[in-house]
Amino acid sequence: MKARTRNPWAWIPTLYFAQGIPFIFINMVTMVLFTEMGMNKTDATLYTGWLYLPWVIKPFWGPIVDILKTKRWWTVSMQLCVAIGLAAIAFTLPQPDATEIANGVPTSMFMVCLFFYFITAFCSATHDIASDGFYMIALNTNQQSLFVGIRSTFYRCASVFGQGGLVMIAGALSTGLGSVSQAWYWTIIGCSAFFALVFLYHLFILPYPDNDKAVGTDTGEKKSIGMIGREFAGSFVTFFKKKYVWLAILFMLLYRLPEAQVVKLCQVFLLAPVEDGGLGMTQTEVGFAYGVLAIIGLTVGGIIGGICAAQGGLRKWIWPMALATSLNCVAYIILSNIQPDYALMSGKIITWCCIILEQFAYGFGFTAFMLFMMYFAEGQYKTSHYAICTAFMALGMMLPGMAAGWILESLFDGSYKMFFYWVLACNAATWTVTFLVRPHINPEYGAKGKEVKK
């Protein structure tokens, strides 16, 4: 008999860890892979930049996930497709020797491989849409509040594993096999095997919620092309007809304004020489701080945020969470003013505490943002509406991040200290949009023992 419900701990950690791996591999690790395989940096940044496109435009096919099949079907199907896509990338990856790599490998050798990269990216972005929709369908609003910190924590763990673990595995294999190309071949094969196991696990473990069905299937009428087209258009029209939609969009664009700037330059600041205002840490030291210690703050912040939201609801906790987001700026203001000597144990402790504080603030404060997107996406087309929300979130991170370097260099003449003060001032935008949207949030949303009436 198919299980209608299942303990969320059995599938949420694995689902969101799996959601993060292909995104990190395709958009970040691939940059290392291409350059180590002999592609020049100009081409590598260009092509890896284009590979991000499916995640940017995913709202344009998100309605298909709502209209056809179930969210469970899309989730497990895309996991299988990602596994096959990663295997195809590995089998079509060029295999130049050390001499060819040193002389530079022409981009034309990567064309077939890049084709499968794009297909895999498309499948991964679709998996994101489906798994986020499944999360909202399989859990009630109180469970969504409780586990929102858990899902973001495991997604970030996947990010850390992808950026650190996969590169370390490829490096170890390169030393053992004596071949960079073979090392990356087996690393990608390992990722493919991992996704095949994830597919098999979720095929049996994911529950079958009663309300997991295609939009418009209640009538029993077989869908025509015209019906699908009308529902596809309807998913966009209904989103922009929601009450306070432009205020909600403003919230999605501005809530993370400070974070969008900090995240681009925080590691650059840690690596910058002391005489330039940085901390002069090595890449290994920064990797340890963000790959190990940051997870502590992130996990604790995410779990506490989820528990708090589940007890009191989004409306009650949105203010404390919005205020907590300013702690990431405070942490770097402390570091940029003190500039602790990392060679000393006292300097290490100060730096580690600030980084843990910053990640705690992210885990706790981001809970409100995730819940708001789920709250605003409620309705008939919740999966496609949530995909639209995440597109605005991506835009809100992309544009300020693109300007962060210019702000540092042109407005503050390279002064990290002044830059972090500026970012702290940008919290005024976060607090303003929080003040504006809070009165429009149902007080019962996410609170224990309460369900929002549809």
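Quantities reported herein were computed from a predicted structural model and do not represent experimental measurements.
By the 4.5 Å heavy-atom criterion applied to side chains, Pro209 and Thr5 are not counted as neighbours. The side-chain heavy atoms of Leu357 and Tyr362, taken from C-beta on, include no pair separated by under 4.5 Å. Using a 4.5 Å heavy-atom threshold, the side chains of Cys329 and Asn427 count as touching. Using a 4.5 Å heavy-atom cutoff, the side chains of Arg4 and Pro207 are not in contact. In this structure, Phe91 and Ile189 have side chains that are in contact, with non-hydrogen atoms separated by less than 4.5 Å. For the pair Cys389/Phe372, no side-chain contact is recorded, criterion being any heavy-atom separation below 4.5 Å from C-beta on. Taking the side chain as every heavy atom from C-beta outward, Val437 and Ile318 approach each other to under 4.5 Å. Residues Lys58 and Phe122 form no side-chain contact, since every pair of their non-hydrogen atoms from C-beta on lies 4.5 Å or further apart.
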CA sep, side-chain torsions, deciding dist, call: Phe134, Trp11, ring-ring contact (aromatic ring centres under 6.0 Å, His included): CA-CA 11 Å; Phe134 184 81; Trp11 56 272; 5.3 Å; yes
Decide yes or no on side-chain contact (heavy atoms from CB on, under 4.5 Å) for Met393 and Arg256, but give the supporting numbers first. CA-CA 8 Å; Met393 175 186 71; Arg256 301 177 73 188; 3.3 Å; yes
- prompt: Would His202 and Thr75 count as a side-chain hydrogen bond (donor to acceptor under 3.5 Å, both in side chains) if you check the C-alpha gap in whole Å, the side-chain angles of each, and the deciding distance to 0.1 Å?
  reply: CA-CA 9 Å; His202 288 148; Thr75 299; over 6 Å; no
Might you work through the side-chain hydrogen bond (donor to acceptor under 3.5 Å, both in side chains) test for Tyr117 and Thr30, ending with a clear yes or no? CA-CA 10 Å; Tyr117 255 108; Thr30 297; 3.1 Å; yes
request  = Apply the test side-chain hydrogen bond (donor to acceptor under 3.5 Å, both in side chains) to residues Tyr155 and Gln19: give CA-CA distance (whole Å), side-chain angles for both, the deciding distance (0.1 Å), then the verdict.
outcome  = CA-CA 7 Å; Tyr155 187 91; Gln19 190 185 98; 5.1 Å; no
Task: Verdict with reasoning, His127 to Ser77, per side-chain hydrogen bond (donor to acceptor under 3.5 Å, both in side chains) - done: CA-CA 8 Å; His127 175 260; Ser77 297; over 6 Å; no
Test log, rule salt bridge (charged side-chain N to carboxylate O under 4.0 Å, His left out), inputs Arg151 and Asp132 | CA-CA 10 Å; Arg151 63 178 268 187; Asp132 287 338; 3.0 Å; yes
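Thr430 places a side-chain N or O within 3.5 Å of a backbone atom of Tyr255 that can act as its donor or acceptor partner. Judged purely by atom type and a 3.5 angstrom limit, Gln182 has no side-chain atom pairing as donor or acceptor with the backbone of Ser179. Side chain of Thr187 to main chain of Ala183: a donor-acceptor pair is present (N/O by atom type, distance under 3.5 Å, no hydrogens or angles). At distances below 3.5 Å, at least one donor-acceptor pair connects side-chain atoms of Thr120 with backbone N or O atoms of Phe116. Distance alone, capped at 3.5 Å, is enough to place a donor-acceptor pair between the Thr175 side chain and the Gly171 backbone. The backbone N or O of Ala322 sits less than 3.5 Å from a side-chain atom of Thr325, completing a donor-acceptor pair. Under the 3.5 Å distance criterion, the side-chain polar atoms of Arg6 are left unmatched by any main-chain donor or acceptor of Leu206.
Closest of all the heavy-atom pairs between Val180 and Ser174 is CG2-OG, 3.6 Å. The two atoms that bring Ser326 and Trp431 nearest to each other are CB-CZ2, 4.0 Å, heavy atoms only.
Geometrically, Lys71 does not engage Trp74 in a cation-pi contact, judged by NZ or CZ lying under 6.0 Å from the ring centre and within 45° of the ring axis.
The distance from the CD1 atom of Ile26 to the SG atom of Cys191 is 10.0 Å, given to the nearest 0.5 Å. To the nearest 0.5 Å, atoms CZ (Phe147) and CH2 (Trp9) are separated by 5.5 Å. The OH atom of Tyr135 sits 7.5 Å away from atom CE of Met370, with the distance rounded to the nearest 0.5 Å. Of the inter-residue distances, the one linking Ile129 atom CD1 with Ser124 atom OG reads 10.0 Å to the nearest 0.5 angstrom.
Tyr445 has its ring centre less than 6.0 Å from the ring centre of Tyr375.
Relative ring orientation between Trp317 and Phe364 is described as perpendicular, the plane-to-plane angle rising above 60° on a 0-90° scale split at 30° and 60°. Note: Phe366 and Phe369 have parallel aromatic rings, judged against thresholds of 30 and 60 degrees for the angle between ring planes. Using cut-offs of 30° and 60° on the angle between ring planes, the pair Phe239 and Phe392 is parallel.
Around CZ of Phe240, the count of heavy atoms belonging to other residues, nucleotides or ligands within 6.0 Å exceeds 12. The environment of Trp186 atom CH2 is sparse: at most 12 non-hydrogen atoms of other residues, nucleotides or ligands sit within 6.0 angstrom.
A salt bridge between Arg72 and Asp212 is absent, with no side-chain N of the basic residue lying under 4.0 Å from a carboxylate O of the acidic one.
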